[in-house]
Amino acid sequence: MPGPGQMRGDGRKAANPGKTLLRLLSYMKNYTPLLVFVFLCIIATSVAQAQGSRALGPLVDEYILPMVATGSTDFGALKAYLVKLACIFAFGVVGTFLFNYLMVGVTQGVQKTIRDDLFAKMQRLPLRYFDSHAAGDIMSRYTSDIDTLRQVISQSIPQCVSSVVTLVVVLWNLIDTSWILTIVMCFTVGLIIYVTKVLAGKSAGFFIGQQRALGAVNGYIEEMISGQKVVKIFNHEEVCKEDFDKLNEELRVNAYSAGKFSNMLGPINNNLGYVQYAVLAVVGGLLCVKSNNSLLTLGNLMAFMVLSRSFNMPISQISNQINAIVMALAGAERIFALMDEEPERDEGYVTLVNAHVDADGTVHECPEHTGHWAWKHPHQGDGSVTYTELKGDITMEHVDFGYVPEKTVLHDVTLYAHPGQKIAFVGATGAGKTTITNLINRFYDIADGKIRYDGINVNKIAKPDLRHSLGIVLQETNLFTGTVMENIRYGKLDATDEECIRAAKLANADGFITRLPDGYCKVAVAAWKALGDRELFEIEGRLVFTDDLESYMEGGDRTAFCADEFDSHAAFEKWLLNAVAEWCRNDPLMVDSLDQYL
């Protein structure tokens, strides 16, 4: 995550707003029939509003003034015209309701699709991406960024379309009512558009900066929450507070500047609209008097004045929505940037299959579960297929690796682990213990050298099958929302309750689980908080993931690894005795049988 003060909002705009907008609109193509109907509703609403304003002219010239001049009390014709006018406005109200109502469904559907695509892509990303991006910043794409899309799809885009249609319809009516006043109005409208362009341009950059700064703040908060214990151990509370204040101040500056220019726009345009109204009233009154109603009647002047306000309103609405669109495009660009990340590649073609081993050692593939597994290796050269029994023989030959290309953390590493061996990696933090285990399961790919699994290059093994064959308990244990039973079943979703309980017993966790008020139905996070045996849940999940549980825990056909930080041989022995005794009580002196310390 960028450090405090690096997430500036000045002078920043979306790299390619046009392309981003088109890509966002492409998510709406599945709603094309609905959007066509919405567009028709918008046209009907705009026409109704314009015709309602235009109808004020005949109302005054043909009904009110004649009745005043003659002193007539016959309101029949006037009532009929007012009913017609009411129907016009009611038609516009129905159209407005329909297009707003329908756009809610479109908006939620588009948001769901984007969230689905975003989450599906996130599952395919390599771990390198999550190493270089703060979790809070990624989360902000699901929350604040997608929420800005909701506003722009449900409000901004329909409002802009409606405003453009209204401008066209009203302009035609203005010209038809008085072309002279329309020319006069163009000068004031030009001034309004110029002011809108200047202020909207200033606020747009700050809206983008606000969105980016918000992601930085979210990322920093998430890091501090997850690392709160470390912060307290090293007495870093004040340092963290200072760093957060810098990021928070960055967000405040961008939000203040964006809001300042955006909030100035409305009042300025309204005041310019009042100036325009006064100018049109004076010029229109002179036309009526000087031409003796030949160029402009009093009723048409009233209609023109109302239409001029209807013309200014869409301009103000578009200017207000521009900022929302700019901010949404900044959020959409961040979302699409994640979607465009290079996914984790898997070019492996060797798969793990159920196997039967004959007396002479020949391995055959079989559909049913036999407790034996084999690597199915199709040879691309001659098209033949060979089967190699899964034993767990690991060999690393002259391996080079670095998390970033310019910095190598492992150089020319060669080691082996034969089936049945127990090997411990002992060393200080950063020595590469966890890195080696991450390379075996291909969380990361090596820069040079070979890693062989049962004699097969791991790059040829499909990643799901490779990881299926391994049992790994990570240093950082994660509990998912759900019960204890559901967390144990996470490694094998079709596992029976009996298999989950069996795994818990092998991990020595059944005792404390059954002591919980709800037993295996207890919410996992609450169970961990109550008893603290968090790591055992993950061990159980790995056990139930392996079909042959007894062979995994007690048999000799697997290789056991362990990696942690130890200052001495004695410290390692003490840790291993405690740890192994917890989840494998049948073999509490396992440390005595270790084959290798590395």
Side-chain angles (χ1 to χ4, degrees), residues 1-12 122 125-145 147 205-260 327 330-331 334 337-338 341 402-410 427-435 438 443-444 474-479 525 528-529 532 534-535 538 563-568 571 575:
M1 186 187 77
Q6 296 179 6
M7 194 65 66
R8 299 244 22 126
D10 6 277
R12 333 105 299 220
M122 189 179 71
L125 292 177
L127 285 182
R128 290 182 186 274
Y129 180 84
F130 300 98
D131 290 340
S132 58
H133 292 76
D137 184 51
I138 297 175
M139 274 301 303
S140 69
R141 304 177 195 229
Y142 286 94
T143 52
S144 60
D145 287 344
D147 188 60
F206 288 105
F207 271 113
I208 296 173
Q210 174 187 334
Q211 204 66 12
R212 292 174 179 169
L214 181 61
V217 169
N218 289 340
Y220 192 80
I221 292 174
E222 190 277 335
E223 286 181 352
M224 292 305 103
I225 292 175
S226 60
Q228 195 59 225
K229 289 182 179 178
V230 177
V231 171
K232 291 184 178 298
I233 287 173
F234 290 98
N235 297 317
H236 262 241
E237 291 90 345
E238 291 303 319
V239 176
C240 293
K241 182 180 177 182
E242 291 176 4
D243 289 344
F244 177 78
D245 287 343
K246 292 177 182 178
L247 290 172
N248 200 27
E249 175 65 13
E250 195 67 41
L251 176 59
R252 185 198 68 80
V253 169
N254 282 285
Y256 169 75
S257 299
K260 177 179 67 176
M327 188 164 63
R334 282 161 41 85
L338 191 152
E341 287 288 333
Y403 288 100
V404 291
E406 59 271 13
K407 186 176 181 180
T408 301
V409 296
L410 295 178
T429 301
K433 305 176 299 298
T434 304
T435 300
N438 287 340
F443 283 163
Y444 304 92
L474 302 173
Q475 288 179 333
E476 294 182 1
T477 305
N478 293 297
L479 294 180
V525 176
W528 163 64
K529 289 181 178 179
R534 186 186 184 110
E535 189 176 38
E538 185 162 331
D564 217 319
E565 291 76 31
F566 303 102
D567 296 328
S568 66
W575 174 87

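Values reported hereafter were calculated over all heavy atoms of this structure, with side chains retained and with hydrogens, waters and symmetry mates removed.
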Undergrad: Report the residues that fulfil salt bridge (Lys or Arg N to Asp or Glu O under 4.0 Å) with E249, sequence neighbours left out, ordered by chain and then residue number.
TA: R252
Undergrad: Apply side chain to side chain donor-acceptor pair (under 3.5 Å) to Y129 and list each qualifying residue two or more places apart in sequence or on a separate chain.
TA: none
Undergrad: Please list, chain by chain and in numerical order, all residues satisfying ring pair (Phe, Tyr, Trp, His ring centres under 6.0 Å) with Y403, sequence neighbours excluded.
TA: F401, Y444
Undergrad: Are F443 and P126 side-chain neighbours, meaning at least one heavy-atom pair lies under 4.5 Å?
TA: no
Undergrad: Show the nearest heavy-atom pair for residues H133 and R141, with the distance to one decimal.
TA: CD2-NH2, 4.2 Å
Undergrad: To the nearest 0.5 Å, how far apart are CG in L338 and CZ in R334?
TA: 9.5 Å
Undergrad: In chain order, what residues pass the side-chain contact (heavy atoms from CB on, under 4.5 Å) check against T408, with sequence neighbours excluded?
TA: H411
Undergrad: Under the rule for side-chain contact (heavy atoms from CB on, under 4.5 Å), what residues qualify as partners of K232, not counting sequence neighbours?
TA: Q228, E237
Undergrad: For residues A213 and N254, report the shortest heavy-atom separation together with the two atoms involved.
TA: CB-ND2, 4.4 Å
Undergrad: How long is the gap from NE2 on H236 to CG on D243, to the nearest 0.5 Å?
TA: 9.5 Å
Undergrad: Rounded at 0.5 Å granularity, tell me how far CG in D145 sits from CD1 in I138.
TA: 12.0 Å
Undergrad: List for me each residue that meets salt bridge (Lys or Arg N to Asp or Glu O under 4.0 Å) alongside D245, sequence neighbours excluded, and say none if there are none.
TA: none
Undergrad: Among residues at least two apart in sequence or on other chains, which ones pass side chain to side chain donor-acceptor pair (under 3.5 Å) with Y142?
TA: none
Undergrad: Can you name the side-chain contact (heavy atoms from CB on, under 4.5 Å) partners of I225, sequence neighbours left out?
TA: I221
Undergrad: What pair of heavy atoms forms the shortest contact from S140 to N218, and how long is it?
TA: CB-ND2, 3.3 Å
Undergrad: Restricting to side chain to side chain donor-acceptor pair (under 3.5 Å), what partner residues turn up for S144, sequence neighbours left out?
TA: none
Undergrad: At what distance, to the nearest 0.5 angstrom, does CD of E341 lie from CG of L125?
TA: 6.5 Å
Undergrad: Counting neighbours of NZ on K260 that are heavy atoms of other residues, nucleotides or ligands and sit closer than 6.0 Å, is the number greater than 12?
TA: yes
